[in-house]
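Written out below as structure tokens is the structure these notes cover.
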Number of protein chains: 2
Amino acid sequence: MGYTYEYPRPALTVDCVIFGLDGRDLKVLLIERALEPFKGKWALPGGFVNMEENLYDAALRELEEETGVKDVFIEQLFTFGEPGRDPRGRVVSVAYYALVNLKEHPIQASSDARNAAWFPVDELPKLAFDHDAIADMAIKRLRGKVVYQPIGFELLPKKFTLTQLQNLYETVLGVRVNKRNFRTKILKMDILEQCERQQGVAHRPAFLYRFNEGKYKELLEKGFVFEIGGFVKNEQ
Amino acid sequence: MGYTYEYPRPALTVDCVIFGLDGRDLKVLLIERALEPFKGKWALPGGFVNMEENLYDAALRELEEETGVKDVFIEQLFTFGEPGRDPRGRVVSVAYYALVNLKEHPIQASSDARNAAWFPVDELPKLAFDHDAIADMAIKRLRGKVVYQPIGFELLPKKFTLTQLQNLYETVLGVRVNKRNFRTKILKMDILEQCERQQGVAHRPAFLYRFNEGKYKELLEKGFVFEIGGFVKNEQ
DNA sequence: ACAAAAGTGTTGTTCCTACACCCATGA
DNA sequence: TCATGGGTGTAGGAACAACACTTTTGT
């Protein structure tokens, strides 16, 4: 009974740092561990990789099993393999990060009755295993990547206003941006498609925009480089 | 005899894409496989991860065992885990890339008598396993990273001329750069330390420069962002 | 003197920053 | 009519792209 190999092998898991944008807060979804080790501690959702699935699929599967979230952007972050990172023995974990739109993907109470909650990125509790380091790297990666790849849109609804988009950058990067300059820059890129206006707001309704991925890829071919940020702190 | 686990586990390896700059060519070091599968085919150096070493150390160890190279810059690239990527069974590989200075780190004939050779990045032969995909991603990563992180220096001697540095960017990025503008930009960053002049060249000797890592980190604290490139093709 | 590469001056243009101002809607 | 956020004009300055030119070495 069991599986025998000539040489010892580490166990292989995937863990996922799930980012969501909630009003003006960037948040991470954590799960309360139901079992030892670290029972009762907050941790990243994750689990063991099956033998017949690839890593990407494993991350998506664990994400759905533990949070009900599916059809979201995920990307490999880093592989963590310090010998002592799991008290049960050698466990190597391939970490992913996910970007979800909180409005369109409400988190379900976990299917295995574990407790799940969103925490603002700068108020994370002490996490199980080395998940602090994983979350930390994910935040840095997101901050670094959001300025030169158009992945921020994944945190917003399909259609969004320019102010929402600006708030996204301000929140993720932790800076204030000048409205005039932000708009000029993002619109000049010509990767946003203008849609209808907002409705039912107590002020002048804003235009909604959609990220035009086709146009973006077309521009990429011609040597276009997406780049937003490098903004100066302005307006307090 | 052997190691038994309750659930099956993939084997875990590290593979390494080693870049070297040779005159005006960016090259990758490959090893000819001595054993099946893919016996006689070219492949990336790599091997199994030991149970008591972390992934970074495993990559460094394999690098030294197979090429004699040590004390070089390496960084995790990506983890490849498609179920069918190795005909012997499920093998997950954590890929690293390394930057070496060919002058200061000559490659030794491999300790296990395997054949090793440098190949220009755009003339790579068909590789074993999914190593084509790994090498491909490494090249893209290097091209992407070299413009916003000062890692290119790892490919040069400790002391280098500005022309060498410019050639590095031209080679890696595959563009031509205007000499005047390149110099103005890189010197204004204030991360290079001027040293003595070159000697014994049949023309006006150039100043040598050294990358000042301390200064760079100091500037980082103040919000400095390294960025070179975004150059226009110029001068043919 | 010449070849070869190092190194500098400068100009027109584009892009960035900061600030001020007007506009449309619901309450 | 007011509050609220949407949206635009523009001036001054910094950074960029392109080109031409001078300097210093070995042969």
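Just the heavy atoms: all of them, side chains too, but no hydrogens, waters or symmetry mates, feed the values below. Numbers restart at 1 for each chain; the letters A, B, ... are given by sequence-line order, proteins then strands.
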Strictly below 4.0 Å, N to O, side chains only: are E213(A) and K217(A) in salt-bridge contact?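 A salt bridge is present here (some side-chain N lies under 4.0 Å from a carboxylate O).
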
[N] [atom2] sits how many Å from [X] [atom1], rounded?
{"X": "K179(B)", "N": "dA5(C)", "atom1": "NZ", "atom2": "P", "answer": "10 Å"}
{"X": "L187(B)", "N": "dT8(C)", "atom1": "CG", "atom2": "P", "answer": "8 Å"}
{"X": "L162(B)", "N": "dT24(D)", "atom1": "CG", "atom2": "P", "answer": "17 Å"}
{"X": "Q198(A)", "N": "dG5(D)", "atom1": "CD", "atom2": "C1'", "answer": "9 Å"}
{"X": "M189(B)", "N": "dC16(D)", "atom1": "CE", "atom2": "P", "answer": "9 Å"}
{"X": "N178(A)", "N": "dG5(D)", "atom1": "CG", "atom2": "P", "answer": "17 Å"}
{"X": "K185(B)", "N": "dA14(D)", "atom1": "NZ", "atom2": "P", "answer": "17 Å"}
{"X": "R176(B)", "N": "dA18(D)", "atom1": "CZ", "atom2": "P", "answer": "15 Å"}

Using 30° and 60° as the class limits, which term best fits the ring planes of [X] and [Y]: parallel, tilted or perpendicular?
{"X": "Y148(B)", "Y": "Y148(A)", "value": "tilted"}
{"X": "F226(B)", "Y": "Y216(B)", "value": "perpendicular"}
{"X": "H131(A)", "Y": "F129(A)", "value": "tilted"}

Residue from L173(A), L156(A), T163(A) passing side chain to side chain contact (heavy atoms under 4.5 Å, CB included) with L168(A): L156(A)

The side chain of T161(A) lies closest to which of these nucleotides: dG6(D), dC16(D), dG7(C)? dG6(D)

Crowded around Q199(A) CD? As in, over 12 foreign heavy atoms under 6.0 Å?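 Atom CD in Q199(A) is not crowded, with 12 or fewer foreign heavy atoms closer than 6.0 Å.
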
I'd like to know if N181(B) reaches the base of dA17(D) with its side chain, counting only an N/O donor and acceptor under 3.5 Å.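 For N181(B), whose side chain was compared with the base of dA17(D), there is a donor-acceptor pair (under 3.5 Å).
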
Under the 3.5 Å rule, do the base of dG9(C) and the side chain of R180(B) count as making a donor-acceptor pair? yes

Indicate yes or no: at least one non-hydrogen side-chain atom of Y169(A) is less than 4.5 angstrom from one of V175(A).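 Sidechains of V175(A) and Y169(A): no contact.
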
Base, sugar-phosphate alone, or nothing: which one does T163(A) contact when heavy atoms must sit under 4.0 Å apart? sugar-phosphate

side-chain N/O R197(B) vs dG7(C) OP1/OP2, d < 4.0 Å: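 True: R197(B) side-chain N/O within range (under 4.0 Å) of dG7(C) OP1/OP2.
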
Side-chain N,O (R183(B)) to OP1/OP2 (dT8(C)) below 4.0 Å: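 No, outside the criterion.
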
Interface residues of residues 203-211 of chain A with DNA chain D (non-hydrogen, below 4.0 angstrom):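 Contacting residues: H203(A), R204(A), P205(A), A206(A), F207(A).
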
Can you work out whether T184(B) or Q164(B) has the more 5'-proximal nearest nucleotide on DNA chain C?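 Nearest nucleotide further toward 5': that of Q164(B).
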
